[in-house]
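Residue numbering restarts at 1 for every chain, and letters A, B, ... go by the order of the sequence lines. What you are looking at is a predicted structure, and each value in this text was computed from that prediction instead of being measured.
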Amino acid sequence: DSGVTQTPKHLITATGQRVTLRCSPRSGDLSVYWYQQSLDQGLQFLIQYYNGEERAKGNILERFSAQQFPDLHSELNLSSLELGDSALYFCASSERTPTDTQYFGPGTRLTVL
Amino acid sequence: GQNIDQPTEMTATEGAIVQINCTYQTSGFNGLFWYQQHAGEAPTFLSYNVLDGLEEKGRFSSFLSRSKGYSYLLLKELQMKDSASYLCAVWDYKLSFGAGTTVTVRA
């Protein structure tokens with residue numbers, strides 16, 4: 001158990017819909033990272049937040065957005081969902097910087113039908 | 001851009017040694033990570049190299065040559081539970097992952 005929690009574990013929805021994925025980092029970790037893992041594209045970095053502020057952006061689509069709240073939990077919002085958005089979405093946390101060890105949550109499996 | 005290459009698959013026998021190579025071409029470099037990922041599970045951290053040389057952690061060792069854009073992960077005394085995907089990742093301003101190397105350990 002990494003100490004990072006993600007909800008829900010599974011999510012099935014339809015194209016065009018909007019969903020919210022939630023992540024609680026390990027106690028004491030200030031940085032949260034979101035990743036997408038699909039069979040054809042591997043593990044892709046989406047975005048990083050540090051203590052409530054966006055710190056780094058990766059291959060995140062404009063339809064996706066994220067935020068980190070004062071209690072340090074984070075949410076990833078996916079809208080206008082397409083079939084290709086079906087993937088495993090991981091959240092990870094680290095103490096501060098990305099070179100600190102990142103601990104991954106169990107992931108949310110999103111299926112878009 | 002980032003280009004991170006590692007072999008797709010490797011097979012080895014229980015008790016043997018396997019070396020997984022990773023070459024990278026990135027716009028910046030602030031460190032290289034190795035992660036292990038079992039099928040359907042989250043990646044788990046194995047090692048981090050930022051300076052040239054060898055880092056040893058039990059049965060796992062990782063090597064980095066920044067001038068060559070090259071790293072390897074050495075797995076010794078292979079066990080069946082080591083069957084997994086091994087991901088090489090480079091941090092510049094974001095973490096970029098290779099496609100992963102699937103290691104199969106046979107009895």
* Less than 4.0 Å between a side-chain N and a carboxylate O, is that true for B:E56 and B:K76? -> yes
* To do: Measure the spacing between CG of B:L73 and CG of B:L64 and express it to the nearest 0.5 Å.
  => 12.5 Å
* Can you name the nearest heavy-atom pair linking B:A12 to B:V18, along with the distance? -> CB-CB, 4.4 Å
* Structure fact -> Residues joined to A:L113 in its hydrophobic cluster, side chain to side chain under 4.5 Å directly or through other members, sorted by chain and number, are A:I12
* Least distance between heavy atoms, A:I47 atom then A:A66 atom -> CG2-CB, 3.9 Å
* Return the minimal non-hydrogen interatomic distance between A:L72 and A:V32, and the atom names on each side. => O-CG2, 3.9 Å
So which donor and acceptor atoms of chain B and chain A come within less than 3.5 Å of each other?
from, atom 1, to, atom 2, distance (Å)
B:Q37, OE1, A:Q37, NE2, 2.9
B:Q37, NE2, A:Q37, OE1, 2.9

